[in-house]
Amino acid sequence: NITITNSGNGVSDAGIKIEASSSNKIINCNIYNNSNYGIYMYTAPFLPNIKNNLVEKCNIYNNTNRGIMIEGIPNIYNAYHNNISECTIYNTNLVGIRCDWTQYAYISNCTVYNNTAEGIWLDHSQYNEIKNCDIFANGDGIWLDGGSSNNNISNCNIHGNTFDGIDVSGGTASNNIIVNSIISHNNRNGIYIDHSSYHTISNSNIHNNTKCGLYITGATAANPTGSHIITETSIQNNNGDGIKLENTTNNKITKCMCI
């Protein structure tokens, strides 16, 4: 294994930096105590795309700002098909994994915990998949921000986070799917959806959260959002409402157990 530690002192420094580059592999590395990022992949105007990079079987911890950061150019989405697999990412001062203006990232079989802010943060990002991950003891477990849409969260265990298990807010998002996941023991809501439409939650277990199991709210009563589908999901033993719908219309709840 390769160890990369104590690198950088500037705002964009990293243990490993990948600038406008593709098809690189980072495997079996220990990356820790770096300032600002553990791994930073990015591009800039007039530079090539960042695509088909792989981070696999790495331990990434105690980095100042973000464990892994993938950053495309706003409104161009030229960071795509980058994969993060079988990594353990923890004790970051801010975010475990952050993807900005990113498409088709695949985050799988990762353990993401004890990061001060979000475990995984998708900002203005589309068509990404988070699968088979254990995400706990972060601020929010997962935050879909900036209108992030058409993302898929599946087979994840999201538990014991300081705020929401999954937070969909900060923009008009749509068509995100949460399926086959356990979302429990979070200190605010299991899932919080704000000001967005057309999300699907299915075949999941949402239980023992401090506030609501699922809280969906629209912009205002005059301008509601909605058209969500909640199906075949068990929502149990949450301290607040099992499902709370506020300023939201045309939602469909079927084959759920709420106790």
Contacts of Asn138 meeting side chain to side chain donor-acceptor pair (under 3.5 Å) (sequence neighbours excluded), chain-then-number -> Asn115, Asn161

Notebook entry, point to check: Do Ile39 and Ile60 have side-chain heavy atoms sitting under 4.5 Å apart?
Noted result: yes

**Asked** So is Lys51 actually on top of Tyr80's ring, under 6.0 Å and inside 45° of the axis?
**Response** no

Quiz item: Counting only N and O atoms by type, is there a donor-acceptor contact under 3.5 Å from the side chain of Thr233 to the main-chain atoms of Thr231?
Solution: yes

Heavy-atom closest pair (Ala14 atom, Ser7 atom, distance to 0.1 Å) is O-CB, 3.9 Å

For this session: Evaluate the side chain to side chain donor-acceptor pair (under 3.5 Å) criterion for residues Asn53 and Asn24: first the C-alpha distance (whole Å), next the side-chain angles of each, then the deciding distance (0.1 Å), finally the verdict.
Result: CA-CA 5 Å; Asn53 294 293; Asn24 300 286; 3.0 Å; yes

Assess whether atom OH of Tyr106 is packed by more than 12 heavy atoms of other residues, nucleotides or ligands within 6.0 Å. yes

**Intermediate values then yes/no, side chain to side chain donor-acceptor pair (under 3.5 Å), Thr248 and Asn251** = CA-CA 7 Å; Thr248 179; Asn251 301 290; 3.0 Å; yes

According to the interplanar angle, ranging from 0 to 90°, do the rings of Tyr61 and Tyr32 count as parallel (below 30°), tilted (30 to 60°) or perpendicular (above 60°)? parallel

**Prompt:** Can any side-chain N or O of His228 pair as donor or acceptor with the backbone N or O of Ser196 at less than 3.5 Å?
**Reply:** yes

Which of Asn176, Ile130, Ile178, Val168 passes side chain to side chain contact (heavy atoms under 4.5 Å, CB included) with Asn151? Answer is Asn176

Contact check, side chains of Tyr198 and Ser149, non-hydrogen atoms, under 4.5 Å: no

With a 4.5 Å cut-off on side-chain heavy atoms, are Ile70 and Arg98 touching?
no

Rounded to the nearest 0.5 angstrom, the CG-CG distance for Asp164 and Leu214 is 11.0 Å

- Query: Where the side chain of Asn209 meets the backbone of Asn189, is there a donor-acceptor pair that is under 3.5 Å apart?
  - Reply: no

Near-ring test Tyr40/Tyr42, centroid separation under 6.0 angstrom: yes

Correct closest heavy-atom pair for Trp121 and Asp123 would be NE1-CB, 3.7 Å

- With a 4.5 Å heavy-atom cut-off, do Ile182 and Ile158 have their side chains touching? no

Residues pairing under ring-ring contact (aromatic ring centres under 6.0 Å, His included) where one sits in residues 159-184, two or more places apart or in two chains, turn out to be Phe136-His159

query: Is the backbone N or O of Pro48 less than 3.5 Å from a side-chain atom of Thr43, with the two atoms forming a donor-acceptor pair by type?
result: yes

Asn93 and Thr116 have their tightest heavy-atom pair at O-CB, 2.9 Å

Side-chain donor or acceptor of Asn63 paired with backbone N/O of Asn34 under 3.5 Å:
yes

From the list Asn28, Asn59, Ile27, side chain to side chain contact (heavy atoms under 4.5 Å, CB included) partner of Asn1 resolves to Asn28

### Query
Is Lys17 reaching over with its side chain to a backbone N or O of Ser12, donor-acceptor style, under 3.5 angstrom?
yes

Check your understanding: Do Ile153 and Ile166 have side chains that get closer than 4.5 Å, going by heavy atoms?
Key -> yes

(message) Tell me whether Thr162 contacts the main-chain N or O of Gly139 through its side chain, where contact means a donor paired with an acceptor under 3.5 Å.
(response) no

Quiz prompt | Flag, side chain of Ser148 to backbone of His124, donor-acceptor distance under 3.5 Å | solution = yes

Practice problem: Decide side chain to side chain donor-acceptor pair (under 3.5 Å) for Asn83 and Ser85; before the verdict, give the C-alpha distance in whole Å, the side-chain angles of both, and the deciding distance to 0.1 Å. | Solution: CA-CA 6 Å; Asn83 293 339; Ser85 178; over 6 Å; no

With a 4.5 Å cut-off on side-chain heavy-atom distances among I, L, V, M, F, W and Y, is there a chain of contacts connecting Leu122 to Ile76? no

* Just by modelled atom types, is the Tyr104 backbone N or O under 3.5 Å from a matching donor or acceptor in the Asn128 side chain? -> yes

| query | So, the side chain of Ser169 versus the backbone of Asp167: is there a donor-acceptor pair under 3.5 Å, distance only? | reply | no

